[in-house]
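Position 1 is the first residue of the sequence, and the numbers go up from there. Atoms within each ligand, like the ligands themselves, are counted from 1 in listed order.
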Amino acid sequence: MYDLHQVHRRYGPAAALDGVDLRIAPGATTALIGPSGAGKSTLLRMLVGLEWPDAGEVRFDGAPLRRDALPALRRRIGYVIQEGGLFPHLDAAGNVALLARTLGWSRARIQARTAELAALCQLPADALRRYPAELSGGQRQRVGLIRALMLDPDVLLLDEPLGALDPIVRHDLQAQMRALFARLGKTVVLVTHDIAEAVWFADTVVLLRAGRIVQQGPPRALLDAPADDFVRAFMRAQRSVDEAVR
Ligand code: ADP
């Protein structure tokens with residue numbers, strides 16, 4: 001789906017991405033992990049044309065990303081950020097409908113698609129009439145996901161989508177989203193701080209450090225055959241409750 005070749009991006013003297021080569025397979029889920037400041041969000045933003053490389057190339061479906069082709073590209077990509085990134089002055093239905101309206105969809109078509117996705121994402125119908133401030137964190141996240149899925153994109157990009165949720169809501173949404181991804185068969189790229197979450201969702205985990213990919217592969221490979229001490233420490237950095245009470 002995506003091919004990145006020697007992608008570099010600097011902010012002042014600091015390199016956010018420092019020679020990234022990455023292939024993102026279609027129909028699979030890829031998790032970008034790594035410490036804060038490793039370049040995960042910058043990489044994700046590049047996939048949707050919100051950032052551009054200083055050097056190197058990002059290819060989508062075999063062709064380099066071009067600024068003049070962005071509107072067409074964005075219709076093929078759903079992008080979800082923490083808390084859903086909803087517009088506060090629009091109710092949930094208004095947020096979800098925004099893109100479809102600009103494309104001239106009829107009211108009936110928008111309503112039908114919204115109802116279909118609300119059922120799929122388990123959002124109660126009455127929540128669609130509420131404003132973001134009147135929704136729970138989990139509901140805002142579901143609305144963000146529905147908005148991203150509205151145009152039936154090929155790709156879903158998720159930046160810390162569950163980061164702000166309490167543990168039980170997060171646990172439930174993780175289960176529902178994984179089932180949803182399996183069912184929809186879309187290409188999913190997600191950024192997370194949470195290693196267990198990355199392992200839960202991903203076919204491929206990409207571990208970044210200081211703008212470089214340290215190791216990528218199936219979660220099991222990073223756990224069983226870490227490329228170096230950093231990978232070993234990073235993959236084992238989370239304490240389980242069992243371990244904590246011991
Ligand atoms: P991560 O998502 O892994 O936490 P980011 O991609 O957000 O990392 O950031 C990578 C590096 O680039 C960090 O050092 C960050 O401070 C820097 N950076 C990211 N965006 C900007 C920006 N718009 N302006 C200046 N520096 C930035």
Colleague: Would you say Thr42 has any N or O atom under 3.5 Å from an N or O of ligand 1, going by distance alone?
Modeller: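 Right, the criterion is met.
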Colleague: Using the ring pair (Phe, Tyr, Trp, His ring centres under 6.0 Å) rule, collect all pairs that involve residues 64-108, keeping only residues at least two apart or in two chains.
Modeller: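 Counting only pairs at least two positions apart or across chains, the ring pair (Phe, Tyr, Trp, His ring centres under 6.0 Å) contacts touching residues 64-108 are Phe87-His89.
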Colleague: Can Arg178 be said to sit on top of Trp200's aromatic six-ring, NZ or CZ under 6.0 Å from centre and within 45° of the ring axis?
Modeller: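 Yes, a cation-pi geometry.
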Colleague: Could a heavy atom of Gly34 be found less than 4.0 Å from some atom of ligand 1?
Modeller: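 Contact absent.
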Colleague: May I ask you to list the atoms of ligand 1 that are less than 4.0 angstrom from any heavy atom of Ser36?
Modeller: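 Near Ser36, the atoms of ligand 1 are 4 (O).
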Colleague: Of the protein's non-hydrogen atoms, which lies at the shortest distance from atom 3 (O) of ligand 1, and what is that distance?
Modeller: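 Closest protein heavy atom to atom 3 (O) of ligand 1: Lys40 NZ, 2.8 Å.
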Colleague: Output yes when the distance from some N or O of ligand 1 to some N or O of Ala38 is under 3.5 Å, and no in every other case.
Modeller: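 Yes - when backbone and side-chain N and O of Ala38 are compared with those of ligand 1, one distance drops under 3.5 Å.
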Colleague: How close does the nearest protein non-hydrogen atom get to atom 12 (O) of ligand 1, and which residue and atom is it?
Modeller: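 Checked against all protein heavy atoms, atom 12 (O) of ligand 1 sits closest to Ala16 CB, 3.3 Å.
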Colleague: Under the criterion side-chain contact (heavy atoms from CB on, under 4.5 Å), which of Val143, Leu149, Ile110 is the partner of Val96?
Modeller: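 Only one of Val143, Leu149, Ile110 forms a side-chain contact (heavy atoms from CB on, under 4.5 Å) with Val96, namely Val143.
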Colleague: For Val205 and Pro219, work out which heavy atoms get closest and say how close.
Modeller: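 Closest heavy-atom pair between Val205 and Pro219: CG2-CG, 3.8 Å.
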Colleague: Atom 7 (O) of ligand 1: which protein heavy atom is closest, and how many Å away?
Modeller: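 So the nearest neighbour among protein heavy atoms is Ser41 CB, 3.8 Å.
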Colleague: My question is simple, although I want it checked carefully: is atom 19 (C) of ligand 1 less than 4.0 angstrom from any protein heavy atom?
Modeller: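 Protein heavy atoms within 4.0 Å of atom 19 (C) of ligand 1 - there is at least one.
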Colleague: State whether Asp228 and Arg232 are salt-bridged, where the test is any N-O pair (Lys NZ or Arg NE/NH1/NH2 against Asp/Glu carboxylate O) under 4.0 Å.
Modeller: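 Result for this pair is no, no salt bridge flagged.
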Colleague: Here's one to test your reading of the geometry: is the NZ or CZ of Arg236 within 45 degrees of the ring axis of Phe234 and under 6.0 Å from its centre?
Modeller: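 Checked: cation-pi criterion not met.
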Colleague: Do any heavy atoms of Pro35 fall under 4.0 Å from ligand 1?
Modeller: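 Checking ligand 1 against Pro35, which is what was asked, there is a heavy-atom contact under 4.0 Å.
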Colleague: Pick out which of Leu207, Leu17, Val20, Leu32 makes a side-chain contact (heavy atoms from CB on, under 4.5 Å) with Ile213.
Modeller: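 So, applying the side-chain contact (heavy atoms from CB on, under 4.5 Å) to Ile213 and each of Leu207, Leu17, Val20, Leu32, only Val20 qualifies.
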Colleague: Looking only at protein heavy atoms, which one is nearest to atom 17 (C) of ligand 1, and how far off is it?
Modeller: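 Atom 17 (C) of ligand 1 sits closest to the protein heavy atom Tyr11 CD1, 3.7 Å.
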Colleague: Could Arg76 and Asp61 be called an ion pair, given the rule that one side-chain N must be under 4.0 Å from one carboxylate O?
Modeller: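 Counted as a salt bridge, because a side-chain N and a carboxylate O are separated by less than 4.0 Å.
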Colleague: What protein heavy atom lies closest to atom 14 (O) of ligand 1? Include the residue and the distance to one decimal.
Modeller: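 It is Gly37 O, 4.1 Å.
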Colleague: Any heavy atom of Gly39 sitting closer than 4.0 Å to ligand 1?
Modeller: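 Checking ligand 1 against Gly39, which is what was asked, there is a heavy-atom contact under 4.0 Å.
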